[in-house]
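Here's the structure we're looking at; comments come further down.
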Amino acid sequence: MGETIKDFKRTHLCGEISKKNKGEEIIIMGWVQKRRDHGGVIFADIRDRSGIVQVVFNPDIGEDSFAKADQLRSEYVVAIKGEVELRPEGNINPDIYTGEIEIKSNELRILDKAKTPPIQVEDDIDAGEDIRLKYRYLDLRRPKMTKIMGLRHKITKATRDYLDENGFWEIETPILTKSTPEGARDYLVPSRVNPGQFFALPQSPQIFKQLLMVSGMERYFQIARCFRDEDLRANRQPEFTQIDMEMSFVNREDVFEITNGLMEKIFAEAEIEVPSEIKKMPYQEAMDRFGTDKPDLRFAMELKDLSSIVEASDFNIFSGTVKSGGQVKGINFKGGADSSRSEIDSFEEHVKLFKAKGLAWIALRDDELKSPIAKFLSEEEIDNILSEMEAEEGDLLLIVADKAPIVAAALANLRLKIAKDYDLIPEEVYEFVWIIDFPLFEYDEEEDCYQAKHHPFAAPIEADIDKLEEDPASVRADAYDLVLNGEELGGGSIRINNRPLQEKVFSVLSLSEEEQQEKFGFLLEAFDYGTPPHGGIAFGMDRLMMITARTDSIRDVIAFPKTQRATSPLTNAPSNVAEKQLKELGLSLLS
RNA sequence: GGAGGUGUAGCGUAGCGGUUUAACGCGCCGGCCUGUCAAGCCGGAGAUCGCGGGUUCAAAUCCCGUCUCCUCCGCCA
């Protein structure tokens, strides 16, 4: 049993004490980071969430507290009373904020003892993620992690403050809601009161925020938890947080303006500057130049289209691909000509991950042209390729011929791999870009039908509305994504705000009238009662956090994340439930 | 669903068929030490080498299976 606080009241936070407090008698409370016992004098570093301060125990200052300090061990919880003093000459520690002072302790209370922790509470330790997650409460004590949680709070608060100042109301929407078969797999919750029926956890508050616009709330936001039962990735968790917002009586530019300001506030918390007007790039341009709708603009290595140069070539792999409607494109790995055969093989392996059949290459080395495909190409074709790709001595050209989506995916990902592997990405550079004019629909070859690229409520761009019926593929949506350094921060659109247009879009999506009624009848009905023009956007809070915290793992920015198998090593969720619980719900297990 | 990687004292790693009684660093325990802050010095405890099976005179080491965690593909309107 530890001692109680009794009459002690914490007066200072460890990390905030400085020489300004010299001579003050203070009380701190926190955890023992480290004890250094020198026999006649004992030092202890005391940590709270604000930082670390050194305490000195010495029989000359306090006999009792010196004797007690002998018992101190790592992670004991203590309250310490003492006087702030400047450290003796030559004993200043410049590595910590409180390094100029120390606390001479005349009273020590051990509030709780601690077992030796399974992972050390230090920034530099490199414990495996499984053990970190099992003992997450210890992992979170590490200053690095504590700091990220603090940053997350500040960013959440900055968001609330900014949106409040701009007339947004924070409104909660249901967690238990209706399953819709579109999009991701739903997490289902059985209804006890209605046996055999299920709620779904929201994949996003999309429909509710639109209903709030119909309700006249005009400006809504929510720091909303969303759930998608899909496989995890380094930047994907099954439950995640969105900064979700929606505005009435606005166009796209209004959304951009509000968002720009929000991003400035958020990134200011991490000392990252956001341009006062974020540039825009049409979707098609992003696909042409970078092969992806979330281009990383921190480095060049753009995709160049060689299709017209090689369409009549004797090299069948190229010309044949073009003739059958495909593309031949390449990227120029500047200075990559001295890549080894095995490096080039690894590039080829990489593009094959994205279904490319192969990777052609041309190296300009020692004033010579090295390439397994050169002998199939005419001199003119080669010259044209070199000039189109702005090739110089020392460059390595990497070329893929395939269907357009495969070429795009293969080269976009190869471009990223090379940039990462060869350190071509500058540190602390932040390239924001709006991707605009997305196609409204995407053709799904497997299902032989159109799917909404964004979601079925995105409005078509006005000029394209006429083409909805005869040429859906060419219709652009008034949708937009905000992209930073190759990461999609968020996306949104101006929504459809009238029933006939919404029904027309549903019909392009091959939703029968019955299906429309069954799935979205309540929304269509709502639209009948006077719906303002509206639009909005949602940001992935966890991805914003990854960037501002400068980490590669989403698990680092969530207090209690899930493993790749969507489990929690801390709580052992998910788990079996009692037969009685299943019975109440009218459920039985298949196996 | 698929591909790859990983697992050895509390933690991080080394060892990759036999002189290994499994090594090293951190941590832990005891002792000494009045100015350390990666304290130091001396001593000590702690590991059925993820689990199961196989090959072999001999397995942490090779093979097969299985599980964990991680990265990626599919999936994520």
Side-chain angles (χ1 to χ4, degrees), chain A residues 33-46 52-61 66 70 73-75 85 87-96 98-99 102 104 115-135 138-139 180-186 203-204 206-207 226-238 240 349-355 409-410 413 416-417 438 440-442 444 446-447 450-458 477 479 488 491 493 505 509 511 519-520 540 552-553 555 562-565 567 569:
Chain A
Q33 176 70 36
K34 189 84 198 172
R35 181 189 61 128
R36 289 180 295 280
D37 183 351
H38 286 242
V41 62
I42 296 171
F43 300 99
D45 294 335
I46 307 301
I52 283 182
V53 70
Q54 172 166 287
V55 176
V56 189
F57 300 94
N58 182 321
D60 308 338
I61 312 164
F66 175 74
D70 195 51
R73 295 293 181 274
S74 289
E75 302 308 312
E85 287 193 4
R87 293 194 188 189
E89 196 88 12
N91 283 317
I92 285 169
N93 181 353
D95 298 333
I96 58 174
T98 59
E102 62 193 5
K104 303 264 192 205
K115 292 210 292 192
T116 302
I119 53 172
Q120 284 165 253
V121 180
E122 279 169 26
D123 276 344
D124 313 330
I125 61 128
D126 213 1
E129 274 205 86
D130 34 1
I131 193 106
R132 284 179 55 199
L133 290 185
K134 181 167 181 196
Y135 297 99
L138 296 178
D139 190 43
T180 52
E182 287 78 21
R185 202 175 288 116
D186 283 321
Q203 296 181 23
S204 87
Q206 183 61 37
I207 291 176
C226 304
F227 306 86
R228 295 181 189 172
D229 188 4
E230 298 293 350
D231 288 339
L232 293 83
R233 284 288 187 285
N235 64 358
R236 243 164 52 190
Q237 284 270 304
F240 61 99
E349 284 304 305
H350 198 71
V351 296
K352 282 181 174 169
L353 278 178
F354 302 92
K355 308 272 164 9
N413 284 290
L416 287 177
K417 177 186 164 61
F438 279 83
L440 186 59
F441 304 108
E442 214 169 20
D444 183 336
E446 256 172 56
E447 304 278 328
Y450 286 101
Q451 303 257 338
K453 171 98 185 163
H454 185 57
H455 58 56
F457 317 112
E488 183 195 326
S493 61
V505 168
L509 294 172
L511 280 178
K519 289 173 190 165
F520 306 114
D552 289 329
S553 170
R555 281 166 254 111
K562 304 271 190 290
T563 66
Q564 197 172 34
R565 273 187 62 254
T567 64

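Each chain gets a letter, A, B and so on, in the order its sequence line appears, and its residues count up from 1.
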Is there a side-chain contact between A:T98 and the phosphate of B:rC37, meaning an N or O under 4.0 Å from OP1 or OP2? no

A:D70 CG to B:rU34 C1', straight-line distance once rounded to whole Å: 14 Å

Determine: side-chain N/O of A:K34 to OP1/OP2 of B:rA39, distance under 4.0 Å, yes or no. yes

Using the C1' atom in both, what is the distance from B:rG15 to B:rA9, to the nearest Å? 15 Å

Pick base, sugar-phosphate or nothing for A:D37, based on heavy-atom distances below 4.0 Å to the nucleic acid. base

Select base, sugar-phosphate, or nothing to describe what A:S493 touches, counting heavy atoms under 4.0 Å on all strands. nothing

Sub-3.5 Å donor-acceptor pair from the side chain of A:R132 to the main-chain atoms of A:D139, do we have one? no

Any chance you could measure A:Q203, atom CD, to A:E230, atom CD, to the nearest 0.5 Å? 8.0 Å

Does A:R233 get its side chain close enough to the base of B:rG74, under 3.5 Å, for a donor-acceptor pair? yes

From C-beta outward on A:R36, which listed nucleotide comes closest to its side chain: B:rC75, B:rU36, B:rC76? B:rU36

Would one find a side-chain N or O of A:R35 under 4.0 angstrom from OP1 or OP2 of B:rA39? no

Taking atom C1' in both B:rU48 and B:rC33, compute the distance separating them and give it to the nearest angstrom. 40 Å

For a quick check, tell me whether the side chain of A:R236 and the base of B:rC76 share a donor-acceptor pair closer than 3.5 Å. yes

A:R565 near the nucleic acid: base, sugar-phosphate alone, or nothing, with a heavy-atom cut-off under 4.0 Å? sugar-phosphate

How does protein contact run along nucleotides 5-10 of chain B, one letter per nucleotide 5' to 3', with B for base contact, S for sugar-phosphate only, - for none, heavy atoms under 4.0 Å? -----B

With a 4.0 Å cutoff (strictly under), does any side-chain N or O of A:R185 reach OP1 or OP2 of B:rC75? no

Any base atoms under 4.0 Å from A:S204, or only sugar-phosphate, or nothing? Heavy atoms, all strands. base

If you check every side-chain atom of A:E230, which of B:rU34, B:rC76, B:rG27 has the closest atom? B:rC76

Heavy atoms only, 4.0 Å cut-off, all strands: where does A:E129 land among base, sugar-phosphate and nothing? sugar-phosphate

Would the distance check show the side chain of A:R35 and the main-chain N or O of A:D70 forming a donor-acceptor pair, the cut-off being under 3.5 Å? yes

Approximate separation, where rounding is to 0.5 Å, of A:F441 CZ and A:Q451 CD: 11.0 Å

In whole angstrom, what separates A:L232's CG from B:rU68's P? 14 Å

I want to verify a distance call: between B:rG74, B:rA77, B:rC37, whose nearest atom is closest to the A:R87 side chain? B:rC37

Checking B:rC37, B:rA77, B:rC72 against the side chain of A:N91 (C-beta onward), the nearest is B:rC37

Does A:N58 make a side-chain N or O approach to OP1 or OP2 of B:rU34 shorter than 4.0 Å? no

So what does A:E102 hit on the nucleic acid, given a heavy-atom distance under 4.0 Å: a base, only sugar-phosphate, or nothing? base

Is A:R73 close enough to B:rC29 that one of its side-chain N or O atoms is under 4.0 Å from OP1 or OP2 there? yes

Please check the phosphate of B:rC70 (OP1 and OP2 only) for any side-chain N or O of A:R555 closer than 4.0 Å. yes

Pairwise C1' distance, B:rG44 and B:rG27 [rounded to whole Å]: 14 Å

Passing candidate, side chain to side chain contact (heavy atoms under 4.5 Å, CB included) with A:T563, options A:L232, A:D130, A:L133: A:L133

Between NZ of A:K34 and CD1 of A:I52, what distance do you get to the nearest 0.5 Å? 11.0 Å

Determine: side-chain N/O of A:R228 to OP1/OP2 of B:rA77, distance under 4.0 Å, yes or no. yes

For B:rU8 versus B:rU61, give the span between their P atoms, rounded off to a whole number of Å. 14 Å

Identify which nucleotide among B:rA77, B:rC73, B:rU36 has an atom closest to any side-chain atom of A:K355, counting heavy atoms from C-beta outward. B:rC73

Between the base of B:rC69 and the side chain of A:D130, is one N or O donor paired with an acceptor at under 3.5 angstrom? no

Any A:T563 side-chain N or O less than 4.0 Å from OP1/OP2 of B:rC69: yes

So does A:K104 reach the base of B:rG35 with its side chain, donor to acceptor, closer than 3.5 Å? yes

